[in-house]
Amino acid sequence: MRKPFIAGNWKMNTNQRGALALASGLKDRLAGVDTVDVAVCPPFVYLAAVGAALSSSNIALGAQNLYHERNGAFTGEISGDMLKDVGCSYVILGHSERRHILGETDDLINKKVRAAIDGGLLPIFCVGELLEEREAGRTHDVVSEQVKNGLEGIDAERALAVTVAYEPVWAIGTGKTATAEQAQEVHAMIRALLGELFGADVAQQMRIQYGGSAKPNNTAELMANPDVDGLLVGGASLKVEDFAAMVQTVA
Ligand code: 13P
């Protein structure tokens, strides 16, 4: 009932040539895949070129961030309108690197999620606990707070635009993937919470991705869980072979 959704977060990687090569490689390799939604999220400066390279493909374009105002004196920021203008459908918001390196708060992330939905973008809204929070037995509390705060003020109809991405911070870029059981356990908790916030029907329709060292060799195991609806892929999304293999495994 929920169509799987695999997104590649290229983070601050690639250059112009590499971004185009990755896009055209994926377009070739994934032609005809229609049972999985696929998106790539390049750095802002390559969005337009990657979007052009992906035209008439089944791969959607996403950005890695936005600013919640529509335009004006916000030097260095990029609005949702601008992202729509260059062909984005999705935007990653609340990524742990933005929370922990760039200091984004739940309140700011909530403004961004609302701005994205209002502007017709589909947010990939990221949550996840630090290693010390997991070890202190606080995973549920931390993730619940992030979900509640990040989605505050959003009604059930608009919540349907949101994909939640559970990315345990200790699993990102470390090669240390959450086990399938750890992922499923938190995903089920998130879905129950979405049910409290938006009703069981909406919660059943919302997709929850897992992210954190997702690779071709653990894709099937992660995706076999009933509440894991897709993957948000970092490192492995920078290699055509790896990302295509992951999508094909799910397809
Ligand atoms: P890795 O797949 O490199 O661990 O990154 C995950 C991630 O942060 C995706 O947003």
Side-chain angles (χ1 to χ4, degrees), residues 2 5 7-9 11 37 39-41 44 47 60-72 74 76-129 141-169 172 186-187 189-199 201-212 229-232 234:
R2 295 182 294 270
F5 176 29
N9 175 7
K11 307 193 181 184
D37 285 338
V40 293
C41 306
F44 285 136
L47 282 170
L61 192 64
Q64 300 173 19
N65 185 26
L66 59 63
Y67 193 65
H68 55 276
E69 298 288 349
R70 297 191 72 170
N71 53 47
F74 303 103
E77 294 298 324
I78 306 283
S79 72
D81 287 353
M82 293 171 183
L83 298 180
K84 287 282 286 186
D85 193 31
V86 296
C88 289
S89 316
Y90 294 96
V91 60
I92 298 171
L93 295 172
H95 192 279
S96 74
E97 287 144 22
R98 298 212 60 86
R99 290 177 187 267
H100 299 296
I101 303 173
L102 284 308
E104 290 199 5
T105 60
D106 280 348
D107 180 53
L108 179 65
I109 295 161
N110 176 247
K111 289 192 174 91
K112 293 182 177 200
V113 172
R114 293 206 250 177
I117 300 172
D118 290 346
L121 287 161
L122 303 169
I124 299 173
F125 163 59
C126 305
V127 296
E129 81 287 0
D141 288 350
V142 169
V143 172
S144 303
E145 278 302 296
Q146 290 173 339
V147 170
K148 278 191 242 170
N149 294 337
L151 299 180
E152 198 183 309
I154 292 166
D155 61 23
E157 191 188 329
R158 294 192 310 154
L160 286 169
V162 178
T163 297
V164 178
Y166 169 57
E167 299 206 303
V169 179
I172 296 178
V186 180
H187 282 229
M189 183 276 287
I190 293 172
R191 196 176 310 283
L193 177 58
L194 294 174
E196 286 171 31
L197 297 173
F198 306 118
D201 200 42
V202 167
Q204 283 305 319
Q205 295 178 62
M206 289 177 72
R207 294 187 288 200
I208 307 175
Q209 292 177 323
Y210 167 81
D229 308 313
L231 302 170
L232 183 55

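Starting from 1, each residue takes its place in the sequence as its number. Below, all heavy atoms of this structure are taken into account, side chains as well, without hydrogens, waters or symmetry copies.
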K.L.:
Within the 3.5 Å criterion, strictly below it, is a donor on H95 or Q64 matched to an acceptor on the partner's side chain?
P.N.:
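Q64 and H95 do not have a side-chain donor-acceptor pair below 3.5 Å.
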K.L.:
With a 4.5 Å limit on heavy-atom distance, are the side chains of R99 and I109 in contact?
P.N.:
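Side chain of R99 against side chain of I109, heavy atoms only: contact under 4.5 Å found.
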K.L.:
Restricting to non-hydrogen atoms, name the atom on L61 and the atom on G87 that form the minimum distance, rounded to 0.1 Å.
P.N.:
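Heavy atoms only, the tightest pair is CB-O, 3.7 Å.
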K.L.:
Run through V91, N9, I92 and flag the one making a side-chain contact (heavy atoms from CB on, under 4.5 Å) with I124.
P.N.:
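Result for side-chain contact (heavy atoms from CB on, under 4.5 Å) with I124: I92.
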K.L.:
Quick one: does Q209's side chain have a donor or acceptor within less than 3.5 Å of a partner on F5's backbone?
P.N.:
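The answer is yes, because a donor-acceptor pair under 3.5 Å joins these two groups.
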K.L.:
With a 4.5 Å limit on heavy-atom distance, are the side chains of V202 and L160 in contact?
P.N.:
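Counting from C-beta outward, V202 and L160 do come under 4.5 Å.
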K.L.:
If you take all heavy atoms of G62 and C88, which pair is closest and at what distance?
P.N.:
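Smallest interatomic distance, heavy atoms only, reads C-SG, 4.1 Å.
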K.L.:
Taking R114 for its side chain and I154 for its backbone only, find out whether a donor-acceptor pair lies under 3.5 Å.
P.N.:
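Not confirmed, R114 side chain does not pair with I154 backbone.
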K.L.:
Ignoring hydrogens, what is the shortest heavy-atom contact between L47 and A63? Give both atom names and the distance.
P.N.:
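Taking L47 first and A63 second, the nearest heavy atoms are CD1-CB, 4.0 Å.
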K.L.:
Apply the test side chain to side chain contact (heavy atoms under 4.5 Å, CB included) to residues L232 and T163: give CA-CA distance (whole Å), side-chain angles for both, the deciding distance (0.1 Å), then the verdict.
P.N.:
CA-CA 10 Å; L232 183 55; T163 297; over 6 Å; no
K.L.:
Atom CG of N71 and atom CE of M82: how far apart are they, to the nearest 0.5 Å?
P.N.:
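Reported value, rounded in 0.5 Å steps: 7.0 Å.
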K.L.:
Is the closest side-chain heavy-atom distance between K11 and I172 below 4.5 Å?
P.N.:
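Counting from C-beta outward, K11 and I172 do come under 4.5 Å.
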K.L.:
Between the main-chain N or O of L66 and the side-chain N or O of K112, is there a donor-acceptor pair closer than 3.5 Å?
P.N.:
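Flag set: sc K112 to bb L66 pair under 3.5 Å.
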K.L.:
Do you know the tightest heavy-atom contact between M206 and V162?
P.N.:
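Shortest heavy-atom separation between M206 and V162 comes out as CE-O, 3.8 Å.
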K.L.:
I need the full list of salt bridge (Lys or Arg N to Asp or Glu O under 4.0 Å) pairs touching residues 61-71, with sequence neighbours left out, sorted by first then second residue.
P.N.:
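Passing the test, one end in residues 61-71: R70-D81.
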K.L.:
Are any non-hydrogen side-chain atoms of N65 and E104 less than 4.5 angstrom apart?
P.N.:
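When only atoms from C-beta onward are counted, E104 and N65 do touch, with a gap below 4.5 Å.
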K.L.:
Quick one: does D106's side chain have a donor or acceptor within less than 3.5 Å of a partner on G150's backbone?
P.N.:
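Looks like no, no N/O pair under 3.5 Å.
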K.L.:
Any idea which heavy atoms bring G120 and K84 closest together, and the distance?
P.N.:
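Looking at all heavy atoms of both residues, the shortest contact is O-NZ, 3.3 Å.
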K.L.:
So does R158 pair up with D118, basic N to acidic O under 4.0 Å?
P.N.:
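So R158 pairs with D118 through a salt bridge.
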K.L.:
Do we see a donor-acceptor contact under 3.5 Å between the side chains of Q204 and R2?
P.N.:
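Result is yes, a qualifying pair exists.
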K.L.:
Under 4.5 Å between any side-chain heavy atoms of L108 and H68, yes or no?
P.N.:
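Side chain of L108 against side chain of H68, heavy atoms only: contact under 4.5 Å found.
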K.L.:
Which heavy atom of G128 sits nearest to which heavy atom of V143, and what is that distance?
P.N.:
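That closest heavy-atom pairing would be CA-CG2, 4.2 Å.
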K.L.:
Between Y166 and H187, how do the two ring planes meet: parallel, tilted or perpendicular, split at 30° and 60°?
P.N.:
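The rings of Y166 and H187 stand perpendicular, inter-plane angle above 60°.
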